[in-house]
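First the structure, in the form of structure tokens, and then the observations on it.
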Amino acid sequence: MTASSSIITRFAPSPTGFLHIGGARTALFSYLVAKRHGGRFLLRIEDTDRERSTQEAVDAIFEGMDWLGLASDFDPVYQTQRFDRYREVIAQMLEAGTAYYCYCTREELDQMRNEQMARKQKPRYDGRWRPEPGKTLPPPPDDVPPVVRFRNPTEGKVVINDLVRGQIVFDNGELDDLIIARADGTPTYNFCVVIDDWDMNVTHVVRGDDHVNNTPRQINIFQALGGTPPHYAHVPMILGSDGTKLSKRHGALGVMEYRAMGFLPEAMLNYLVRLGWSHGDQELFTRDEMIAKFDFDHVSSSPSRFDMEKAYWVNHQYLKTAPLEKVVPEFEWHLQRMGLDLSGGPGLEDVIVAQRERCRTLLEMAEKSHFLYAELSGYDEKDAAKHLKPETAEVLEALVTKLSALPEWQAEAIHQCVHAVAEERELKLGKVAQPIRVAVVGMAVSPPIDQTLMLLGRTRTLARLEAAVEHIRNRSEQH
RNA sequence: GCUCCCAUCGUCUAGUGGCCUAGGACGUCGCCCUCUCACGGCGAAAACAGGGGUUCGAGUCCCCUUGGGAGUGCCA
């Protein structure tokens, strides 16, 4: 089907900061529609505002998109590299009469706005430089560099058939003549978007619903140019957990912050796709399933809150089931970030398998695995007081003897040693396992004791058990 | 102010006029499992913002109210 295979969507952030969670979801939705229909996805950098755009932000956006695995099917487009094209179109519009020069100064405009607000009217340009048949314009002042305004229709309505909102109607009488080129000649957002979407054959515009009010203006520009507007899908914004707009204080974090918190990119995508979209009762989706099932009919039109708890849960599901080769590099990244030397410790895959059921994030996993790659810095005070009691010294010693005699360092054999020590003394397993745990981990939490010792290795295990015996003896002598 | 949008458990949502005494998931609480922490299993509490219509029948359609949000820039 030609129509659907030629679908092109785009994600068009302005590089004024990192890729945040809302942008990431918009990008994902946009990517998904394209892939769903065998189309292509484009990344476009909207950097016409040179004051606020930075290279760091551009890099941060690429880094985020890259981490999430949302690749552009085209070379990314930069609006600042298209200024010649914008100028060309503006000249054409001036020529055709669909745009005109306006010589109002900023002061004049401010005054106009203030007066209108004072009269409780909607602030808008009054069209004083707009050419009309039979109207005489004032003589252009020669000390004011003009801006270019779009000559918006004054009659009729603009109808948007939004893919998620349904029909939205705007009265042209509500719109005014927006500026499409600044006094310095640089084009503005609403204009560039239209030219770009047009030139790049974008068929579906997926963006935040803060843009719905721009849409009728953009449609009008399209029509003035003789182009056909794309389909629009305005997705609601993502709110913080308290229901207010995302701010730096709560959650307006870059996606890379979520990496630092220990999220897997696939989990992030899965959480995001379910935020505002649903497919029946399904919670977990592989990327292929997302692509096969995503549709705008089931995108919610009300804003949703970012729920960290649910995000953790999704991440945990991925941690438990994701192929090891996906998890290892991310886990390694965290361990190295903690400054650990991995060479003397157990293999990462084994650690992940032992830890993944009890960790919701990779960061948590790294913290809980710290004892495997570095010497103990001491015992948790409470745990030591509870489990490293004078009578346990003998138990640990007995275990040292048994473990030393083991021909091979295998989990099953270790397990039997621990059980034997417990049975010989008619102790419950917990009475033996917990002291061991504190002795080798430093605290009373770790994977099953045989696995813990297995991972730690014979040398470190024996050394730590002996150190614990010494610790207990020293302490009891002091009393 | 004006324009536009939104409204089901605490949260994400199912629901497209009868299948709804409203389902699932996260979280919460209880029980079970258990060498710790977890995983897992079982169970519980928990919602259609309010008011009018339309209809034999409304969470689902319409209107109003209330409450949220966005826009109203020579920002994007």
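Predicted model, so just to flag it, every value in this text is computed and none were measured.
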Item to complete: Say whether, by atom type as modelled, one donor and one acceptor occur between the side chain of N152(A) and the main chain of G173(A) under 3.5 angstrom.
Response: no
Donor/acceptor link under 3.5 angstrom from [X] side chain onto base of [N]:
| X | N | answer |
| --- | --- | --- |
| D210(A) | G71(B) | no |
| E283(A) | G24(B) | yes |
| R437(A) | C35(B) | yes |
| D47(A) | A76(B) | no |

Practice prompt. Would you please indicate if the ring centroids of F371(A) and Y373(A) are separated by under 6.0 Å?
Written response: no
Could you tell me whether the phosphate oxygens of [N], OP1 or OP2, come under 4.0 Å of any side-chain nitrogen or oxygen in [X]?
| X | N | result |
| --- | --- | --- |
| K320(A) | A38(B) | no |
| R113(A) | G73(B) | yes |
| T48(A) | A76(B) | yes |

Describe the nucleic acid contact of [X] in one word from base, sugar-phosphate, nothing, applying a heavy-atom distance below 4.0 Å.
| X | answer |
| --- | --- |
| P216(A) | nothing |
| K310(A) | base |
| G276(A) | sugar-phosphate |
| K428(A) | nothing |
| N214(A) | base |
| I449(A) | base |
| S301(A) | sugar-phosphate |
| H419(A) | nothing |

Provide, to the nearest angstrom, the distance between the [atom1] atom belonging to [X] and the [atom2] atom belonging to [N].
| X | N | atom1 | atom2 | result |
| --- | --- | --- | --- | --- |
| D176(A) | G73(B) | CG | P | 8 Å |
| H298(A) | A14(B) | NE2 | P | 7 Å |
| D281(A) | G23(B) | CG | P | 11 Å |
| H211(A) | U3(B) | NE2 | P | 23 Å |
| H279(A) | G24(B) | NE2 | C1' | 14 Å |
| Y312(A) | A25(B) | OH | P | 23 Å |

Just name whichever nucleotide pairs with [N], Watson-Crick or G-U, keeping both distances under 3.5 Å, else none.
| N | result |
| --- | --- |
| C35(B) | none |
| U54(B) | none |
| G67(B) | C6(B) |
| C19(B) | none |
| U28(B) | A44(B) |

Discussion item. Can you see whether Y125(A) has R149(A) sitting over its ring - NZ or CZ less than 6.0 Å from the centre and within 45° of the normal?
Written reply: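 Yes, a cation-pi geometry holds between R149(A) and Y125(A).
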Fill in: Side chains of L43(A) and R10(A) in contact at under 4.5 Å (non-hydrogen atoms)
no
Fill in: Sole residue of N172(A), N190(A), T98(A) in side chain to side chain donor-acceptor pair (under 3.5 Å) with N220(A)
N172(A)
Worksheet item: Is it true that atom NZ of K431(A) has more than 12 heavy atoms of other residues, nucleotides or ligands lying nearer than 6.0 Å?
Response: no
Worksheet entry | Ion pair check, R52(A) and D47(A), cut-off under 4.0 Å | no
Worksheet item: Y271(A) or S14(A): which one's nearest nucleotide on RNA chain B is closer to the 5' end?
Response: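 The 5'-side residue here is Y271(A).
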Worksheet item: How do S278(A) and R358(A) order along RNA chain B: which one's closest nucleotide is nearer the 5' end?
Response: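 The residue whose closest nucleotide sits nearer the 5' end is S278(A).
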Practice prompt. Syn or anti for C39(B), please, going by whether the chi angle lies within 90° of 0.
Written response: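 C39(B): syn.
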